[in-house]
Amino acid sequence: MRHIGFFFRFFIRFSLRNMKKHLGRALTVLLGIALGAAVFTSVRLSIHAALDSFTQSMDVIAGSADRVLVQPGGRVPEEWVSKLLKFSAVREVSPVLTTYVRLAGKQSEPFLLIGIDPLMDRGFHKWQILQHANQDGKSWLELIQKPSSLIIGKSLAEKYALGRGDHVFIESTRQTDEFNIVGILSPGGLAAAEGGMIGLTDIATFQEFTRLYGWVDRIDIKFEPNAESKDIDKFRKMLPDNLRLGPPSAAKESGQGLIRSYQLNLSILSFASLFVGMFLVYSLVALNAASRRRELAILRAVGASPYLLFMVFLAEGALFGVLGWLTALPISTILVKYLLKGVSRTISLLFVKVHVETLSLSPWEILLSFAVTVFTSSVSALQPAWEAMQVPPNEALEISRHGRMRKTSVRKLLIVGVGCLVLVVPLSLLPKILNMPLPGYLAILLLFTGFSLLAPWGLQRTGHALSPILHRFAGIPAYLAGRYVRDSGTRTAVSVGALITAVALFASLVIMIHSFRSTVELWADQTVSGDVFVAAKMGQINQFRYPISPAVVMGLKEFKNRADLVPSRRFYLRYNRFPYEFELLYLKNFFLHGDFVWLKGNPDRVRTLLTQGKGVVISEVFSNRTGLTVGDIFRARIQSSRVSLPVLGIIRDYRTQGGVVFYSLSQFNTRYHDVQWSGCRIFIKDRTHDHEAAVMSVKNDIVKRWGDKLDIVSGNDLRKTILKVFDETFAITTVLLLIALGIAALGIATTLTVLVLERTKQLNTLYAVGAGFGQIRSMILWEAAFMAVVGEVAGVLCGFILSYILVYVINRQSFGWTFLYAVDWRALAMSLPLIILAALAAAYPAVKMVFRESPATLLREN
Amino acid sequence: METEKEHRTKSVIHARHLTRIYKMGDSEVVGIDDVNLDIAPGELVVLKGDSGSGKSTLLSLIAGLDRPTHGHLTVADHDLTDTTSSGLTYFRRAVVGMVFQSFNLMPTLSVLENACLPGLLAGNPPDRIKSKAMELLDWLGLSARMNHLPAQLSGGEMQRTAIARALINDPEIILADEPTGNLDSRNGRIVVELFAQLNHKWNRTVMIATHSNIADSAATVTVCLKDGKIDGQPCDI
Ligand SMILES: Nc1ncnc2c1ncn2[C@@H]1O[C@H](COP(=O)(O)OP(=O)(O)OP(=O)(O)O)[C@@H](O)[C@H]1O
Ligand SMILES: [Mg+2]
């Protein structure tokens with residue numbers, strides 16, 4: 001206890017007072033750490049909020065069922081409700097129907113309509129109606145008693161100013177009907193589903209509205225408490241082939257898995273900011289330790305233990321962590337607002353629909369960000385603390401050792417650095433661990449560390465090689481700068497390391513995003529080809545569970561002389577646990593106008609076989625997730641049919657829900673069973689005349705005839721939307737990246753300033769022996785230029801390697817896809833000089849700092 | 001009586017009412033106060049005085065490192081009272097050479113490079129500077145040390161390197177602030193002897209500030225400072 005008290009008093013006098021003396025530097029470093037911590041914290045918090053709301057929503061919708069009965073790709077006949085109850089193991093059942101609908105007329109946001117039997121459902125889902133003073137609390141009974149009555153969630157009510165007694169028109173994929181709101185859900189239970197954007201009706205009302213008489217989406221089942229697993233197995237065996245009994249949480253788990261991958265990737269990206277911040281802490285603590293070497297020797301001479309000195313410098317690092325994290329809190333509250341919106345939009349677009357209304361402050365996430373911040377900044381202080389501990393007490397006796405430079409062996413760092421880099425290759429070839437691309441991330445960490453450790457060597461070599469040349473062409477200041485950079489060892493290398501990290505991150509993400517985008521563009525042009533796309537109204541959001549009605553299909557077929565039709569049918573299924581889409585496509589016409597983006601298999605051969613129905617093609621994501629590849633047999637149950645077909649080829653596909661399997665629609669209809677169209681693409685036959693006009697005319701015809709039944713979009717608009725979604729998704733990445741670059745600039749600014757302050761005496765000597773202000777300023781600018789150029793060249797090199805890892809390891813393992821590697825030379829050529837300029841601008845405070853005190857202080861010894 | 005003008009032309013250092021006051025927040029500290037000084041060319045001046053008496057302050061004004069608060073200062077026909085900063089830079093390069101107590105060598109440059117530095121800064125042809133530096137270092141007994149870094153030298157060697165650096169641009173005046181302060185007495189005497197040679201063999205004006213008596217025997221003029229003012233003779237420290 002006394003020890004701790006002493007330590008704190010000593011720390012305050014020795015370290016804090018020194019920091020106070022050089023407040024500017026300390027605050028800059030603090031700002032760097034705070035920015036890093038803020039980015040990390042807010043990314044974690046906002047994705048956690050999305051994950052939390054998704055999980056909660058899935059949980060309350062799943063309710064407390066033990067199992068659910070579904071038909072893959074189809075629906076369950078309602079008669080199974082009474083059939084199930086005859087089994088002795090079954091205690092309770094509840095039929096459920098769900099669909100996304102929206103308020104008619106307005107361009108309103110879709111919400112989830114749930115149809116249940118309020119009596120049967122009582123044991124499954126928890127929900128209650130908000131009580132009003134003059135009510136008897138029985139308004140839920142009105143759901144059964146009054147047809148077309150509806151209870152809505154609070155967010156929905158507030159968003160469109162709806163209340164009890166209001167009449168609303170609701171639009172489903174099939175038709176529009178009038179509903180009567182009989183209550184608002186009170187908080188808790190089902191009210192939390194979809195962030196409160198839900199409506200609840202009686203199952204009969206639902207079936208009437210959606211024309212699904214006699215069908216339900218699923219039946220929730222509770223077994224008798226004493227039912228054993230063998231009873232349940234026996235029960236399962238009695239079910240017909242096309243029905244499947246599954247856990248209620250399957251959709252939740254796969255959704256969570258996708259969000260977690262995204263969370264991991266974004267966390268790592270945001271950690272990069274903290275990583276860059278580590279360089280800042282390191283450089284300041286190292287400066288403190290080095291510039292106070294003599295004091296340390298004296299302290300040791302008068303009896304301080306090496307351990308004490310070690311702890312003091314470690315505590316400096318930790319203090320930066322704690323204060324940085326605290327400073328991060330206000331920054332986070334601003335950042336998190338932006339991120340929350342962006343993150344939940346991205347997740348909704350790419351993975352699963354989430355509604356995040358409020359930020360749930362998870363204590364675990366907050367603790368995690370605190371621990372990560374304090375840990376990283378303490379780790380950065382480790383090496384300087386170790387150095388401080390090694391100062392021998394007899395150094396106190398040496399008089400005036402100005403000019404003595406301690407050199408960390410550049411060669412040693414080079415060897416360790418090369419060692420790190422060598423390990424990158426085998427690590428990035430390893431498969432993922434615990435379902436996460438951990439070896440890949442470790443490879444990235446080693447890549448950064450390796451390059452940073454090479455920085456001193458790189459600086460030494462460049463300084464060595466360039467300083468004579470510069471002497472001839474740029475004069476003595478450039479020469480001196482080169483010499484200084486050459487000999488300054490690890491000092492300058494630290495901020496160069498920070499720059500390398502940030503530039504590498506920048507270059508690799510520019511390359512990755514460009515590769516991703518140009519591949520998606522290619523995919524959109526070839527695979528998402530078509531002049532007009534039609535689908536059943538709200539088809540996409542309802543996973544195409546409502547096909548286009550036969551009457552409309554008949555009508556669409558009338559366009560055959562003007563256009564080639566490519567009808568399709570999509571089923572949302574699971575392969576083992578992995579969700580995918582099984583898409584039937586009229587391939588004969590599709591291949592006339594479009595194509596897949598082929599990855600494996602001979603395209604010509606595969607197109608022929610595929611059109612003949614001799615097999616399927618699968619997407620890269622599907623292949624990576626399931627392990628299926630060319631030559632394997634793909635097996636699935638599609639509604640009432642069992643499909644077993646060889647995989648002919650693998651294609652690239654970037655649709656949101658992950659994997660896709662394509663098969664011929666016409667062959668499916670002849671070989672298995674007839675399926676209805678869920679959508680149709682229309683290609684104008686005559687592509688020579690005014691194409692735009694022809695497209696518009698077909699589109700307008702369709703809108704006029706079936707505007708209320710179909711979602712109609714022109715191919716150009718659809719492809720534009722795809723790319724817009726893509727760009728929005730990467731907007732977050734860009735923001736995170738810019739922050740990391742900003743922190744690196746802070747790093748350069750502090751290092752240079754510190755280097756100037758540290759050399760006050762040398763600079764004053766230069767002045768005294770005849771250097772002009774201009775010469776000294778230009779020397780410092782040249783130093784900055786050296787650091788910036790070395791940092792940038794190494795950073796770009798590192799970035800290229802990193803982009804390979806990102807495209808071929810991280811993306812493949814996290815999301816299952818890769819892209820055609822493409823370097824955006826233009827963006828790089830435009831932005832890299834800007835980074836150099838920014839680094840030079842970061843030298844400005846240092847240049848200003850020179851001669852803040854009169855050079856005459858040089859004559860004042862001690 | 002000589003006129004003011006004649007004084008100025010005859011003396012290499014000419015100071016009138018030279019005052020330097022340091023402002024430290026609200027308080028003021030007097031560095032030197034109303035100093036009048038005339039030094040003829042070719043003297044070896046020893047500037048003496050207790051610690052804090054203003055020796056370094058005076059030296060820094062004469063070296064063009066600092067500007068006076070009041071008064072006039074002319075050094076080798078350069079009016080230092082109101083020159084531009086580029087004028088001062090030229091002055092420091094060409095007119096004076098400085099030697100410091102703690103040597104102040106550039107740690108990353110070799111002995112030869114340190115010696116060449118002012119010549120390079122002045123933009124003189126590198127080859128000429130280099131041969132000049134080698135000559136000087138040879139004279140100073142450092143030819144074997146030419147490619148060593150300062151950290152590998154003894155104190156005496158460092159100070160001799162600093163002297164070579166001070167001489168590279170052929171300055172008229174050599175200024176030294178406590179040049180022996182960080183040296184043992186033997187090395188101290190060697191350094192003083194070098195200054196004496198510079199003075200009488202090469203006819204340079206030399207000004208050494210010190211509070212020890214080590215340079216007394218070499219002095220042709222002794223100036224005593226006390227509390228920032230020139231004190232009447234004799235110097236009693
Ligand atoms: N930069 C400065 N700021 C404030 N006061 C200063 C400064 N430089 C010198 N002084 C003050 O001016 C006075 C003269 O100092 P100076 O360094 O010239 O003395 P000195 O004779 O060289 O002493 P020493 O023998 O210790 O070197 C002292 O009181 C000193 O505290
Ligand atoms: Mg002094």
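These numbers come from the heavy atoms of this one structure, side chains and all, not from hydrogens, waters or symmetry mates. In what follows, chains are A, B, ... by sequence order, proteins preceding strands, each numbered from 1.
- Looking at B:Gln152, there are no atoms closer than 4.5 Å to chain A (heavy atoms on both sides), in backbone or side chain.
- Proximity to chain A involves both the backbone and the side chain of B:Leu109, based on heavy atoms less than 4.5 angstrom apart.
- In this structure, A:Arg486 is not positioned above the aromatic face of A:Phe786 in the sense of NZ or CZ being under 6.0 Å from the six-membered ring centre and within 45° of the axis.
- The residues B:Arg204 and B:Glu172 are annotated as not salt-bridged, no charged nitrogen and carboxylate oxygen being separated by less than 4.0 angstrom.
- Using a 4.5 Å cut-off between heavy atoms, B:Ser86 makes no contact with chain A at all.
- Side-chain contact, B:Thr57 with B:Tyr22: a donor N or O sits under 3.5 Å from an acceptor N or O.
- For the pair A:Arg759 and A:Tyr484, the cation-pi test (distance below 6.0 Å, angle within 45°) is passed.
- Proximity to chain A involves both the backbone and the side chain of B:Leu120, based on heavy atoms less than 4.5 angstrom apart.
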